[in-house]
Amino acid sequence: MAALSRVRHMKSKYCIFQAIFTSSKWRCQFATEAARKIDLPSDLKDDAQEGLPDDKPEKGYPAVKPWMPPGSWGEMTRQQAWFWHRGEINHMGRITHVKEKIKFLTDKQMVAWKFPPINIQPNVLKYQLEVTNTILASKDDKYLKPEIYQSVDIKTDYEELKKLCIEAIEIEHALHRDKLKYLAAAKDGRAKSWHALLRGRLLTQTILNAIMSGASRNHEHLQSCSVDKEVTVAACFQRNGVKRPWVPVSRRSPDLSKELYLQNNAMFQGKHVVDFQVRTSLPLPQFISPDHEMCMQADKCVPQYNPKVLGQFRELTQLEITSGFNLGSPNEFTHTSVVCEQLGRLRLVSGEEHWEQSHAGYGLVTSFLSCVAQAHVQGFNMFQDLVYPFTAQTIHTDGRTFRFSMFQLNSLKLWKDPKASPASNVAWISPADNLYEGLTDDRVIGFNDEVFQRLCQCLLLKPSSRDGIKLNPNVKYKAGTPKILKSVKKVEIEEEVVYDR
């Protein structure tokens, strides 16, 4: 009996020893594998790895997810940053068709701030500059224009173009167009104002036709350009510094957390009609280098007030992005936009200063929306930022008074704060000036050569290929471009047919 108990005791001790040995062996193996993977200083690494077996290959471990996604995110929380990063990689990065990209961004209704070009609220220009993240180029309150216009050659055809323009103005005024009064009166009874507006459009069209037809023989882009009338341009964008509208808890998506509904960026929607749009197959050249000091001042463009304070409003709206033409057109870059809307009544009611700000803001927003819409047509958006700046030039006129607005869009990531995205846009806006003073005995008097030179420089500015940069790197093929299927060799089998005789 004693011998049997002694044997059982020895067996239990052997089992305990075997378990301890196995556990120690497992711990040693685990420590060996961990020592291989640990990143020690160079002076300790050699000592620590001495005696480690080299016959077994290293085992890979899953990568550790970083706290923040790659890139600069400023004051965003971790959850908000990963939300935008997933939208860029998982959603927009997988779409290679322009039409599908735009549909992904606009195929929904949202509560968005309205951002119309015509805004008659007082002191609205500063608000428009902040929302568009734009620096106004000026020096001692004087108008500056981009230096690139100095390279435009207008001396060759200037005298001929001037003669054609003066003849076109005199002929248009001699026609009177009395029948337009009845057409205007049929709209809403304001025959006088509509008559002036329609005559301004006809006069503007006559001047444009005279310049473009006269200069087309020496400028190739005018030979192949497209000119459309009454074109609708619309764009939507997210802007940092404006809180999103409150969404009740009952209407929130269960898949999104509270932090995503409290982001400090809101949606804006702008839309307007361009009377004449000139389009080319290549974009305009950049007006200023994106590394220039004026292009890195986003900290000076942060919105200071809630849009409600400045008389703006928001509503549930269908988002829209359109550049004014059907996708797939060979001429997909806007060269010049001409707008003939008048703000003369505002000038009489509110005064010269109020009219000046509203009219300058009109040109600013028109050019901004044009650049944003063009960028989306080329596959860029709020997730996939620009790789080259987009530029636009807009002419506001009633046929006699002209104002020129130039704009350069450097970034579409307006939803980021200035610390994360310091890039800012730049605008050049000229004061309104008359092309001519009037007519005496059906002859133009007081013709302004400076204004006519600016007009010619805008229309004759040659588009650029941007030094060979791929203009649409995020797009494999565009809407309207048919897929070319691989050709299949047709096998013909010839058989002799025997007819009955």
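Values below: every heavy atom of this structure, side chains too, minus hydrogens, waters and symmetry copies.
At most 12 non-hydrogen atoms from other residues, nucleotides or ligands lie less than 6.0 angstrom from CD of E220. Atom NZ of K126 has 12 or fewer heavy atoms from other residues, nucleotides or ligands within 6.0 Å. Other residues, nucleotides and ligands contribute only 12 or fewer heavy atoms inside 6.0 Å of the CD atom of E293. Within 6.0 Å of the CZ atom in R443, the count of heavy atoms belonging to other residues, nucleotides or ligands does not exceed 12. Within 6.0 Å of the CD atom in E315, the count of heavy atoms belonging to other residues, nucleotides or ligands exceeds 12. The number of heavy-atom neighbours closer than 6.0 Å to CG of D449, taken from other residues, nucleotides and ligands shown, is above 12.
Ring geometry for F383 versus W84: interplanar angle of 30 to 60°, hence tilted. Taking the six-membered ring where tryptophan is involved, the planes of F237 and F268 are essentially parallel, since the angle between them stays under 30° and well short of 60°. The aromatic rings of F402 and F404 sit parallel to each other, their planes meeting at less than 30°, with 60° as the upper class boundary.
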Exercise for the section: Evaluate the criterion side chain to side chain donor-acceptor pair (under 3.5 Å) for residue pair D467 and Y388; output intermediate values, then yes/no. Expected result: CA-CA 11 Å; D467 298 329; Y388 61 93; over 6 Å; no
Problem - Intermediate values then yes/no, side-chain contact (heavy atoms from CB on, under 4.5 Å), V231 and F325 - result: CA-CA 8 Å; V231 175; F325 59 91; over 6 Å; no
Exercise for the section: Before giving the answer on side chain to side chain donor-acceptor pair (under 3.5 Å), spell out for T317 and Q269 the whole-Å C-alpha distance, their side-chain angles and the decisive distance to 0.1 Å. Expected result: CA-CA 8 Å; T317 181; Q269 174 70 59; 5.6 Å; no
Practice task
Please lay out, stage by stage, how Q453 and Y158 fare under the test side-chain contact (heavy atoms from CB on, under 4.5 Å).
Solution key: CA-CA 8 Å; Q453 288 176 5; Y158 181 76; 3.6 Å; yes
Handout entry: Step-by-step side-chain contact (heavy atoms from CB on, under 4.5 Å) determination, M296 to D291
Key = CA-CA 7 Å; M296 304 297 290; D291 299 328; 5.6 Å; no
Practice task
Given side-chain contact (heavy atoms from CB on, under 4.5 Å), test Q378 with V475 step by step and report yes or no.
Solution key: CA-CA 7 Å; Q378 298 304 316; V475 180; over 6 Å; no
Practice task
Evaluate the side chain to side chain donor-acceptor pair (under 3.5 Å) criterion for residues Y149 and Q393: first the C-alpha distance (whole Å), next the side-chain angles of each, then the deciding distance (0.1 Å), finally the verdict.
Solution key: CA-CA 12 Å; Y149 286 99; Q393 47 188 9; 2.5 Å; yes
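Although no hydrogens or angles enter the test, the distance criterion places a donor-acceptor pair under 3.5 Å between the side chain of Q408 and the main chain of I288. The main-chain N or O of W73 is never found under 3.5 Å from a side-chain atom of Q80 such that the two would form a donor-acceptor pair. Looking only at distances, a side-chain donor or acceptor of T391 sits under 3.5 Å from a matching main-chain atom of P285. Using modelled atom types, no side-chain atom of S358 and backbone atom of W355 make a donor-acceptor pair closer than 3.5 Å. Judged purely by atom type and a 3.5 angstrom limit, N434 has no side-chain atom pairing as donor or acceptor with the backbone of E437. Checked by atom type and distance alone, the side chain of N133 never pairs as donor or acceptor with a backbone atom of L414 at under 3.5 Å. The closest donor-acceptor contact from the side chain of E332 to the backbone of S281 lies at 3.5 Å or more, if one exists at all. Side chain of E159 to main chain of D157: no donor-acceptor pair is present (N/O by atom type, distance under 3.5 Å, no hydrogens or angles). Looking at N240, its side chain never comes within 3.5 Å of a backbone N or O of K413 through a donor-acceptor pair. Within the 3.5 Å criterion, the main-chain N or O of E75 finds a donor-acceptor partner in the side chain of D417.
Counting only heavy atoms from C-beta outward, the side chains of T134 and C301 never approach each other to under 4.5 Å. You'll find the side chain of K145 reaches within 4.5 Å of the side chain of Q457, heavy atoms only. Put simply, the side chain of P307 reaches to within 4.5 Å of the side chain of Y127, judged on heavy atoms. The shortest distance between side-chain heavy atoms of H292 and V426 does not fall below 4.5 Å. A heavy-atom distance below 4.5 Å is not found between the side chains of M110 and R314. In this structure, the side chains of V387 and F380 come closer than 4.5 Å at one or more pairs of heavy atoms. Counting heavy atoms from C-beta outward, K229 and Q205 have side chains that approach closer than 4.5 Å.
Closest approach of V302 and P418 over heavy atoms only: CG2-CG, 3.5 Å. Minimum interatomic distance between S337 and V274 (heavy atoms only, all atoms of both residues): CB-CG1, 3.8 Å. When all heavy atoms of P117 and H272 are compared, the pair lying nearest together is CG-CB, 3.4 Å. Contact between G379 and N381 at its shortest, heavy atoms only, is O-ND2, 3.5 Å. The two atoms that bring D385 and S411 nearest to each other are OD2-OG, 3.1 Å, heavy atoms only. Heavy atoms only, all atoms of each residue included: N425 and N410 are closest at OD1-N, 2.8 Å.
Counted by atom type alone, K101 and Q384 present one or more donor-acceptor pairs between their side chains at under 3.5 Å. Under the 3.5 Å distance criterion, with hydrogens and angles disregarded, no donor-acceptor pair is assigned to the side chains of R239 and N265. For the residue pair Q312 / N119, a side-chain donor-acceptor distance below 3.5 Å is found, with atom types taken as modelled.
When R403, H396, H354 are each tested for a side-chain hydrogen bond (donor to acceptor under 3.5 Å, both in side chains) with H359, only one passes: R403. Tested against F368, the residues L129, T132, V131 include a single side chain to side chain contact (heavy atoms under 4.5 Å, CB included) partner, T132. Just one of L435, I154, I166 meets the side chain to side chain contact (heavy atoms under 4.5 Å, CB included) condition when paired with F452; it is L435. Among D228, T334, N331, the one residue that satisfies the side-chain hydrogen bond (donor to acceptor under 3.5 Å, both in side chains) test with R279 is D228.
Sorted by first then second residue, the side chain to side chain donor-acceptor pair (under 3.5 Å) pairs that include residues 363-372, not counting sequence neighbours, are S367-T394, S370-Q374.
In this structure, CE on M267 lies 5.0 Å from CG on L319, to the nearest 0.5 angstrom. Expressed to the nearest 0.5 Å, how far CH2 of W415 lies from OG of S421 amounts to 8.5 Å. Here the CG atom belonging to L164 is positioned 12.0 Å from the CD1 atom belonging to I207, to the nearest 0.5 angstrom. To the nearest 0.5 angstrom, W82 atom CH2 is 14.0 Å from M76 atom CE. Put simply, CG on N218 and CD on Q223 are 8.5 Å apart, with the number rounded to the nearest 0.5 Å. Note: L460 CG to L161 CG = 6.5 Å, rounded to the nearest 0.5 Å.
Contact check on R454 versus E450 returns a salt bridge, with a Lys/Arg side-chain nitrogen under 4.0 Å from an Asp/Glu carboxylate oxygen.
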